[in-house]
Amino acid sequence: MRLSHLFVASTAYLHGVLATTQLPLADETLMINGVTFETRARWMRLANQALGELSGSPCPFAAFGTVIVNHTASDEGELICMGVNENGKTGNPSSHGEIAAITNCTNILTDPNGKFRLTATEVAAAFTDLSLYTNAESCPMCASAIRWAGFREYIYGTSIARLIEKGWGQIRIPSVDIFEASFDLPYPSRLMANVLANETDPYFLWQYDPSYPCPLGCSRTKSGKSCKAGSS
Ligand SMILES: *[C@@H]1O[C@H](CO)[C@@H](O)[C@H](O)[C@H]1NC(C)=O
Ligand SMILES: *[C@@H]1O[C@H](CO)[C@@H](O)[C@H](O)[C@H]1NC(C)=O
Ligand SMILES: *[C@@H]1O[C@H](CO)[C@@H](O)[C@H](O)[C@H]1NC(C)=O
Ligand SMILES: [Zn+2]
């Protein structure tokens, strides 16, 4: 009896330790890598705005927006590119916002007539300077792509747990698990969670909840099933 108690206690202890080491960074009073929360909030807002700019609607159903920023150039950061979920546009089921942005940045950085004109080898190295902001936590496919790219920082808004809570079908592997399992890869990456989630959540909480208000600039369709740009 005593032994089994001990076992339970030590297992609980172990779980406690694991859970603690796996908690992603989510404290907005901190200045991580010299960047303030206000600056991060500005880029996260741009990830939201990318929806309107690239998809043509501030309230697309798949409201996943990403911006890729160079904070090593300056603490304020420089925009390299953005991307939004393009599944509906291209039919390619892997064109999530993060993948679309990584593809867009690769094209922009290697464009022979563009500002950067990098070679393939140079572009691979360039990602290790960059920060990826995405308005919702990446699925395991995108989180893996972020680790393969070697991004210096990865910052997300709404969590996968929150998406699931509000009706989204998701592959239930949090980014922090992908990061923890990728220790063989050459570049470390800093993960920041729930950044400005109070402003990213509204883009994701209406899709399966008819009582939830549409994002700013949108209103319910007559059937109430979806949101569209404009007033009703
Ligand atoms: C990011 O900024 C650093 C520091 O200024 C610079 O060396 C690097 O070329 C920049 N990367 C890109 C892709 O602009
Ligand atoms: C790529 O990013 C640029 C710069 O942010 C943006 O102007 C452009 O529309 C993006 N292209 C695509 C296909 O998302
Ligand atoms: C969301 O929260 C941040 C602090 O975490 C705050 O700066 C921002 O103003 C809030 N946004 C809204 C729309 O209330
Ligand atoms: Zn994804």
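Small disclaimer: the values here were computed from a predicted structure and weren't measured. In each ligand, atom 1 is the first atom listed, and ligand 1 is the first ligand listed.
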Atom CG of Leu25: over 12 foreign heavy atoms under 6.0 Å: yes

Name of the His96 N, O or S atom nearest the Zn ion (ligand 4)? ND1

Would the SG atoms of Cys218 and Cys59 measure under 2.5 Å apart? yes

Among Asp129, Ile80, Leu118, closest by any non-hydrogen atom to atom 7 (O) of ligand 1: Asp129

Mind telling me whether Trp168 and Phe61 have parallel, tilted or perpendicular rings, with 30° and 60° as the class edges? tilted

To the nearest 10 degrees, calculate the angle at the Zn ion (ligand 4) involving SG of Cys139 and SG of Cys142. 110°

If you have a sec, work out which protein heavy atom is nearest atom 13 (C) of ligand 1 and how many Å separate them, to one decimal? Leu109 CD2, 3.7 Å

of all protein heavy atoms, closest to atom 8 (C) of ligand 2 is Asn104 ND2, 3.8 Å

Any sub-3.5 Å donor-acceptor pair from Thr134's side-chain atoms to Tyr156's backbone N or O? no

Cation over ring face, Arg147 and Phe179, 6.0 Å, 45°: yes

For atom 9 (O) of ligand 2, grab the closest protein heavy atom and report residue, atom and distance to one decimal in Å. Leu54 CD2, 3.2 Å

of all protein heavy atoms, closest to atom 3 (C) of ligand 1 is Thr72 OG1, 3.4 Å

Ile108, portion touching ligand 2 at heavy-atom distance under 4.0 Å: side chain

Starting from atom 2 (O) of ligand 1, what is the nearest protein heavy atom, named by residue and atom, and what distance separates them? Asn70 ND2, 2.4 Å

Which one holds for Leu79 and ligand 2: side chain close, backbone close, both close, or neither close, with close meaning a heavy atom under 4.0 Å? side chain

Taking the six-membered ring for Trp, are Tyr133 and Tyr154 closer than 6.0 Å centroid to centroid? no

Using salt bridge (charged side-chain N to carboxylate O under 4.0 Å, His left out), reason through Asp111 and Arg117 one step at a time and then give a plain yes or no. CA-CA 5 Å; Asp111 181 352; Arg117 305 178 185 202; over 6 Å; no

One thing to verify: whether Arg152 and Asp129 come together as a salt bridge, which I'm taking to mean a side-chain N less than 4.0 angstrom from a carboxylate O. no

Cys81, Ala126, Ala73: member with heavy atom nearest to atom 5 (O) of ligand 1: Ala73

